S.K.: 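Pasting in a structure now, in structure tokens, and then I'll have a few things to ask.
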Amino acid sequence: MDKKTHDLTRGEKEKIIVIRNLNKYFGELKAVSNVNLEIKRGQVVVIIGPSGSGKSTLLRCINHLEEPTTGDILIDGVKLRHKSKSLNAIRREVGMVFQQFNLFPHLTVLENITIAQKIVRKRSKKDAIEIARQQLERVGIPEKENSYPIQLSGGQQQRVAIARALAMSPKVMLFDEPTSALDPEMINEVLDVMLDLAKEGMTMVVVTHEMGFARNAADRIIFMDYGAIIEDTTPNKLYNNPKHERTKLFLSKILH
Amino acid sequence: MKSDDSTFVPHQSQLSATLSEVPWWLLVVMLVGLIMVYNITTNEDYSSIFSFLKNGVFITVRVTITAYIFAVIIGLLAGLGRVSKNPIIYNIATLYVQIMRGIPILVTILYVSFVLYPMIIDGVAWVAQSIAVIGLGDSEGFWANITASDINRMMGGAEYSMLYRGIMALALSYGSFSAEIFRAGIESIEKGQMEAARSLGMSYIQAMRYIILPQAIRRVLPPLGNDFIAMLKESSLVSVLGVRDITQLGKLYSARSFLYLETYNQVAFLYLTMTILLSLGVRALENRLKSGQ
């Protein structure tokens with residue numbers, strides 16, 4: 001599965017994420033199988049695939065929330081090593097948005113967004129609050145800064161989670177099924193924020209089943225099954241001309 | 001007929017519901033308390049027992065609060081050790097918890113007081129001597145010839161020495177209980193909280209300090225409060241060391257006067273008053289936390 005369907009020869013500096021021969025086992029179970037992937041600065045990559053296909057695990061390996069069993073991951077040219085101090089330094093460059101939002105329930109919205117800025121980025125309180133307010137403005141809920149997460153709807157919570165990640169000024173944003181836990185009427189408010197972000201040129205890796213988002217925003221779409229990358233192409237090519245039987249079968253189930 | 005039934009039945013169930021909501025147990029306790037206060041103010045035996053025992057209340061409270069503060073600090077550290085992924089830290093913390101939970105508190109009190117504490121004092125004397133002789137090159141001075149009994153005297157002599165031993169033993173015992181409370185509290189926080197904190201670049205320690213512990217401590221406040229109440233009761237065991245707490249003074253007074261019923265009535269009631277007040281406090285705290293989040 002080492003096939004590169006994209007021209008990635010424009011120089012190493014362009015590649016912000018490089019994954020080489022990545023394997024991840026959970027005990028006997030092989031969750032990610034020999035994945036090679038290179039993502040360029042500013043690219044929006046959507047990963048799709050049936051549940052259990054290893055797409056979330058792959059995403060979580062990118063910032064070492066899961067420790068790869070074998071293989072290398074380079075972020076902006078720096079190799080990630082588990083349990084090293086540099087890992088914290090790299091993680092702050094990689095924002096992550098979770099399916100379950102994972103806001104800090106004991107902190108207000110503003111504190112959720114400022115705490116890591118203060119203790120990780122060492123920004124002053126004033127700067128952190130200013131940046132937090134800009135990000136809340138961007139995700140469209142500036143009026144909620146003094147609320148606690150429990151007082152917000154799911155869509156609002158996820159938008160705060162995006163603002164929290166963006167406030168760290170990351171180079172890459174990872175989205176792990178960001179709309180799967182949301183009520184249907186709240187999905188679009190989150191997708192709109194993500195679309196804007198894509199237009200602004202943020203490098204994004206998104207695990208999702210939202211085909212509309214993939215079509216509108218993705219430069220690349222990757223189909224995974226049984227832990228391996230089956231196809232790596234543009235959304236148009238994938239929809240109109242899927243190469244593999246498994247891709248066809250999967251698409252026929254999710255595109256109505 | 002039908003309308004009669006429907007008005008009558010709810011009325012009765014409402015009355016019985018109101019009756020069942022009355023905290024009868026507390027009324028009984030308060031009644032006993034009133035009788036006790038009445039006896040203390042009118043009966044000469046009771047009032048002289050009370051004025052003797054009340055000196056012990058201060059010691060009991062002092063032992064409980066001091067030992068509890070140390071127990072919580074030890075418990076927090078050991079609890080963090082119990083959830084640590086570092087095998088050395090994990091095993092040290094687990095060993096401590098298992099040993100302390102497996103030994104009766106009374107035995108711990110005797111062991112700490114007559115084995116561990118003397119060993120520590122000897123150790124301190126040895127270190128002080130070594131520093132004086134080797135470190136400072138002074139083999140004549142006060143520190144070079146310091147002995148364990150000198151250190152004991154510096155700590156306030158026999159009376160305080162036993163108090164400290166009792167406090168140390170209770171803190172070590174209860175530290176293991178609070179360790180398990182903290183461990184459970186930390187483990188009850190969703191895994192995603194740690195992941196979100198780490199994904200923002202926080203170190204494990206920062207994530208614990210700013211994200212996990214503030215939430216965990218909120219959750220463990222009620223069980224920690226219950227531990228405080230248990231500690232207050234268990235502090236009576238230090239009377240075996242001769243520490244003059246409520247129990248010890250009760251033993252002394254009753255042995256001298258043969259007024260066993262009157263003395264132990266008051267001893268029991270003093271503890272009961274304190275524990276019931278505290279448990280009402282814990283319950284109020286629990287309700288506040290429940291409505292707060």
Side-chain angles (χ1 to χ4, degrees), chain A residues 56 59-60 62-67 75 82-107 111-122 148-151 157 160-170 172-176 181, chain B residues 72 76 79-81 83-93 181-225 285-293:
Chain A
S56 281
L59 196 74
R60 289 160 60 83
I62 293 178
N63 68 353
H64 266 227
L65 283 182
E66 301 290 351
E67 185 185 358
I75 304 287
H82 210 65
K83 285 185 177 164
S84 69
K85 286 244 166 74
S86 64
L87 193 56
N88 294 330
I90 292 167
R91 276 190 178 133
R92 75 178 80 135
E93 310 295 342
V94 182
M96 177 122 183
V97 175
F98 299 86
Q99 185 177 352
Q100 299 296 342
F101 329 135
N102 293 345
L103 292 181
F104 307 133
H106 62 302
L107 301 177
E111 288 163 344
N112 260 280
I113 308 176
T114 53
I115 187 161
Q117 292 190 64
K118 283 187 281 189
I119 65 174
V120 178
R121 283 275 187 219
K122 311 281 182 213
Y148 282 89
I150 199 166
Q151 298 167 311
Q157 287 191 50
V160 172
I162 294 173
R164 178 176 71 178
L166 288 175
M168 296 298 285
S169 325
V172 181
M173 285 285 286
L174 309 177
F175 293 84
D176 188 5
Chain B
V72 168
L76 179 58
L80 286 168
V83 298
S84 171
K85 291 207 172 69
N86 180 323
I88 298 169
I89 295 174
Y90 169 81
N91 276 293
I92 291 173
I181 292 176
F182 278 114
R183 181 188 58 77
I186 291 167
E187 285 177 349
S188 78
I189 305 299
E190 300 70 23
K191 212 170 135 245
Q193 293 288 309
M194 178 57 93
E195 290 185 345
R198 299 306 300 273
S199 80
L200 289 165
M202 290 187 207
S203 65
Y204 178 84
I205 291 168
Q206 287 174 329
M208 267 293 165
R209 156 85 180 74
Y210 293 102
I211 306 302
I212 307 298
L213 280 181
Q215 297 180 58
I217 285 171
R218 245 168 180 269
R219 285 191 199 176
V220 301
L221 279 179
L224 280 182
L285 176 77
E286 237 169 292
N287 289 335
R288 240 194 87 184
L289 288 176
K290 235 180 260 169
S291 63
Q293 206 181 354

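Predicted model only: the values in this text are computed from it and were never measured. Chain A is the first sequence line, chain B the second, and so forth, proteins listed ahead of strands; every chain is numbered from 1.
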S.K.: Please name the pair of heavy atoms, one in A:Ala161 and one in A:Phe101, separated by the smallest distance, quoted to 0.1 Å.
M.R.: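 Closest approach of A:Ala161 to A:Phe101: CB-O, 3.8 Å.
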S.K.: Using a 4.5 angstrom heavy-atom cutoff, name the option from B:Glu190, B:Arg198, B:Met194 with the most pairs to chain A.
M.R.: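 Greatest number of close heavy-atom pairs with chain A: B:Arg198.
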S.K.: At a heavy-atom distance under 4.5 Å, which candidate from A:Val97, A:Leu103, A:Ile90 has the highest pair count against chain B?
M.R.: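 Winner by heavy-atom pair count: A:Leu103.
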S.K.: Side chains of B:Tyr90 and B:Lys85: does their closest heavy-atom pair fall under 4.5 Å?
M.R.: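 With C-beta onward as the side chain, the pair stays apart.
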S.K.: For A:Leu174, which atoms come within 4.5 Å of any heavy atom of chain B: side chain, backbone, both, or neither?
M.R.: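 Contact with chain B involves no heavy atom of A:Leu174 at all.
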S.K.: So, do A:Arg60 and A:Met96 sit near enough that their side-chain heavy atoms are less than 4.5 Å apart?
M.R.: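 When only atoms from C-beta onward are counted, A:Met96 and A:Arg60 do touch, with a gap below 4.5 Å.
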S.K.: Donor-acceptor pairs under 3.5 angstrom involving side-chain atoms of residues 205-214 of chain B: please list them, not counting sequence neighbours.
M.R.:
| from | atom 1 | to | atom 2 | distance (Å) |
| --- | --- | --- | --- | --- |
| B:Gln206 | OE1 | B:Ser203 | N | 3.0 |
| B:Gln206 | NE2 | A:Ile119 | O | 3.3 |

S.K.: For A:Ala89 versus A:Arg92, what's the shortest heavy-atom pair and its separation?
M.R.: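 Closest approach of A:Ala89 to A:Arg92, heavy atoms only: O-CG, 3.2 Å.
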S.K.: Using non-hydrogen atoms and a 4.5 Å limit, figure out which bit of A:Phe98 sits close to chain B: side chain, backbone, both or neither.
M.R.: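 Just its side chain gets close to chain B.
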S.K.: Any sub-3.5 Å donor-acceptor pair from A:Asn102's side-chain atoms to B:Gly192's backbone N or O?
M.R.: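 Flag set: sc A:Asn102 to bb B:Gly192 pair under 3.5 Å.
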S.K.: Any donor and acceptor pair, going by atom type alone, linking the side chain of A:Asn112 with main-chain N or O of A:Phe104 inside 3.5 Å?
M.R.: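 Side chain of A:Asn112 to backbone of A:Phe104, a donor-acceptor pair under 3.5 Å: yes, one is there.
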S.K.: Applying a heavy-atom distance below 4.5 Å, give me the residues of residues 162-170 of chain A that approach chain B, sorted by number.
M.R.: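 Only A:Arg164, A:Ala165, A:Met168 of residues 162-170 of chain A have a heavy atom under 4.5 Å from chain B.
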S.K.: Which heavy atom of B:Phe182 sits nearest a heavy atom of B:Leu224, and at what distance?
M.R.: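 Heavy-atom minimum between the residues: CZ-CD1, 3.8 Å.
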